[in-house]
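Written out below as structure tokens is the structure these notes cover.
Positions are given from 1 along the sequence.
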Amino acid sequence: MARRFVLKPDPSAAPSPLTLDYAGDLNPQQHAAATAPGGPVLVVAGAGTGKTRTLIYRLAYLVETGTPPEQIVLLTFTRRAAREMLTRAAALLDGRCSRVQGGTFHAFCLAILRQHAPRLGLPAHFTILDAADAADVLDVLRTARGLHRAARRFPRKRTLQAIFSAATNRGLALEEILAESYPQFEAYRDTLDALQQDYADYKQRHGLLDYDDLLHRTLTLFERHPDVRDQVSARCRHVLVDEYQDTNRLQAALVTQFAHVHGNVMAVGDDAQSIYRFRGADFRNIFAFPERFPGTRVLKLEHNYRSTQPILDLANHVLGRATRKYEKHLFTDVRGGEPPALVPAPDARYEARFVAQVVLELREQGVPLRRIAVLFRSSANAYELEVELNRRNIPFVKYGGLKLSEAAHIKDLVAHLRVLENPQDAVAWNRILQLLEGIGPKTAADLIAWLTAARDDPFRLEERPFAPRYVEALKALFETLRAARQPGVPLPAQVERLVAYYEPICRRVYYEDYPRRLQDLEHFLALAEHAGDRAAFLASLALDPVELTALEAEARADDEPPLVLSTIHSAKGLEFNTVFVIHALDGVLPSGYALKDPDALDEELRLLYVAVTRAEERLFITYPMLRYQRYQGEYLTRPSRFIDGVPERLLEPWTLVEEGPPALPDAAPPEALPGASDGTRGDEIDDGLPF
């Protein structure tokens, strides 16, 4: 007869009372998300609604209610984000939270591949290629095929890496990537297909994986070996994903695989903040989540802790125009606040002056510069403002793009202007000459010695044995410089002539991305239209980003953190007391490239939503009513379709009024000024400068 052994209850295994006051520490929506039962859950977290706090409490709740922390997976997009959340969760509860499997998708997949590499024919100690390493491998393969000597420009190594990475992450054929983003290389489609296969073969042969392979090969491992998938998934009792709206095709598929056994997956994200399609993010993932995981409960976080209600009202209105969205309504307990302002300016100079003046006024009122941000769609939109801030000695730091004087193609043009102003400028000559085919450092040095010795007319070729490989290019350069330097030629005409000469050079030297750079040349021309003489223009462009960077790195105690200039993409996740959104024009925000693509147009709308929701107390949306474009001159603009027609109760119109000389006794009273009698708000620009 079999003996029976009765197991007594283990007191240590009994559920203990919760130590955290989840209901008291969280608002009702956060509490519902943090304490949700198992199964698939999608948390649609609006901007400023405490998403990170909710995730931290979710981690603590799972641990407190008996889930072994080693069986919880937290997937984020940066190691820092995962580390910060786990540290905060550990401080909130106890050290158990630090044992949660937290990290990026790539790091988690790397650990899986290390364990199961032989299943894919890889050595256990395979090597990881970062983006630079991958580009170097592609360069070797490119050279092996003789493509570096192609009659037409073949993509360089970093562009090859970007093309192949985009195809992998987005799950698109190479021809689709070329048509969408690299049309200048479509003639090489078949060659690129072959090179992509060379790259895959080379990595397999040498035991190499790049970053994209970490995701792609993990999926391949799961597809070929379901037992491995089940083993990994069994250890993922709960899967938490941060910023789900930023996942690409591979990452969304991996989440499905990780949750295969237990089905407990919580994705937190905001469809309204999906703005990284250019990096491979697929906004459709967050809408497809309930289809991937039947029975999904969709919870929302709408209680905003960042912005005033007038700013949130505008944000809700903007989001309401999206074609596809999760319905949500941001609200706050804090009442009052200034309505957002819509500020049309006569032109870009006025727009820059307005921003600079308001920044100084806010600074005088006690708002630190670092708590003020100027946001824009593209780095080039801020060029005019950079010049104005530099003129007023307002320190700033710029994110998401080069400063005006840091952009290589702009530096090239400025070098031409510098030799017009000072033919003895050897540094500028060195840059100009090495743009010409056939001229390297040694030849440039010889030519500079001759050029700087010619005191009377440095822009003429004398009788001397110039090498035929560059003499025609040198003649074209000198002809352009002579024409631009003729007496009486206004600065805009000088710059126009230089740009016309430089455009084919730009296409050749920067053939990887010359379309974007050519657009910047248009902005540079617009700056010249409103500048004074050449010397004054060059002085205004003399920004010093190296010195500014040094000040940031080694700040003295009396240094004030600078004003923030940022692309909207780079500002996501940040918040500021006051935000300016500049150049809110059709063709800029939304971008002209997006106008024929409904999905792209929706993403541009989400960009504006992200910009608006960065503001805590004050928001200004500005645009110039006149712009300058080569071959077209000045033309009337259209405000962004996203703000056109917004009710004045949500977006208050302002009128800029120039302060004139003291009024004569019979002058019209101040209230008769434009903008003061029609209910709009007139803010005066007063910097003492004539127009």
Side-chain angles (χ1 to χ4, degrees), residues 341-360 373-392 394 396 398 400-405 407 410 413-414 490-492 495-496 499 516 518-532 536-541 543 563 565-568 579-592 608 611 620-640 643-644 653-658 683-687 689-691:
L342 178 62
V343 188
D347 58 29
R349 289 182 66 224
Y350 274 84
E351 182 183 41
R353 288 177 57 196
F354 166 75
V355 172
Q357 181 171 316
V358 175
V359 166
L360 290 175
V374 183
L375 307 183
F376 33 83
R377 174 64 178 84
S378 169
S379 178
N381 302 148
Y383 284 171
E384 188 84 48
L385 178 61
E386 290 181 51
V387 173
E388 182 67 18
L389 295 173
N390 184 61
R391 190 182 67 78
R392 296 187 186 228
I394 300 175
F396 66 92
K398 188 176 182 184
L402 294 173
K403 290 186 178 180
L404 180 60
S405 63
I410 299 299
L413 265 184
V414 171
L491 176 64
V495 177
E496 175 78 40
V499 168
R516 176 182 61 80
L518 292 180
Q519 288 182 351
D520 286 350
L521 300 185
E522 295 286 345
H523 291 288
F524 189 81
L525 278 165
L527 289 181
E529 276 293 310
H530 300 291
F537 186 47
L538 287 170
S540 71
L541 294 173
L543 304 173
L563 172 73
L565 272 57
S566 175
T567 60
I568 300 172
V579 168
F580 297 85
V581 182
I582 64 172
H583 259 56
L585 295 170
D586 234 37
V588 175
L589 184 63
S591 163
L608 178 59
F620 300 90
I621 300 178
T622 72
Y623 66 91
M625 293 184 285
L626 277 178
R627 290 185 83 191
Y628 173 83
Q629 192 166 30
R630 192 160 41 124
Y631 307 128
Q632 187 176 348
E634 288 191 330
Y635 65 96
L636 287 172
T637 64
R638 289 183 55 194
S640 169
I643 59 173
D644 197 21
W654 284 28
T655 299
L656 301 185
V657 180
E658 185 74 29
D683 269 38
E684 300 172 350
I685 298 178
D686 176 21
D687 60 3
L689 289 179
F691 276 75

Please enumerate all residues that pass side chain to side chain contact (heavy atoms under 4.5 Å, CB included) together with Ala352, with sequence neighbours excluded. Glu384, Leu385, Glu388
Given side chain to side chain contact (heavy atoms under 4.5 Å, CB included), test Leu389 with Val359 step by step and report yes or no. CA-CA 10 Å; Leu389 295 173; Val359 166; 5.6 Å; no
Determine whether a donor-acceptor pair (N or O, by modelled atom type, separation under 3.5 Å) exists between the side chain of Thr637 and the backbone of Pro624. yes
Can you measure from CE (Met625) to CG (Asp347) and round to the nearest 0.5 angstrom? 8.5 Å
Measure the OG1-CZ distance between Thr567 and Phe376 for me, rounded to the nearest 0.5 Å. 6.5 Å
Quick one: CG on Asp644 to CG on Asp586, what's the gap to the nearest 0.5 Å? 8.0 Å
Closest non-hydrogen atom pair between Ala611 and Val581, with its separation: CB-CG2, 3.9 Å
For residues Trp654 and Thr622, determine if any side-chain heavy atom of one lies less than 4.5 Å from a side-chain heavy atom of the other. no
Leu656 versus Pro346, closest heavy-atom pair with distance: CD1-CD, 4.4 Å
Looking at CG of Asn390 and CZ of Phe396, how far apart are the two atoms once the value is rounded to the nearest 0.5 Å? 6.5 Å
Which atom names give the shortest non-hydrogen contact between Arg377 and Leu589, and what distance separates them? CD-CD1, 4.0 Å
Give, for atom CD of Gln357 and atom OH of Tyr350, the distance between the pair rounded to the nearest 0.5 Å. 12.0 Å
Phe580: ring pair (Phe, Tyr, Trp, His ring centres under 6.0 Å) partners, not counting sequence neighbours: Phe620
Pick out which of Lys398, Arg391, Arg392 makes a salt bridge (Lys or Arg N to Asp or Glu O under 4.0 Å) with Glu386. Lys398
Nearest 0.5 angstrom please: Leu413 CG to Leu525 CG, how far? 8.0 Å
Are the side chain of Glu351 and the backbone N or O of His583 linked by a donor-acceptor pair below 3.5 Å? yes
Evaluate the criterion side chain to side chain contact (heavy atoms under 4.5 Å, CB included) for residue pair Leu375 and Ile582; output intermediate values, then yes/no. CA-CA 6 Å; Leu375 307 183; Ile582 64 172; over 6 Å; no
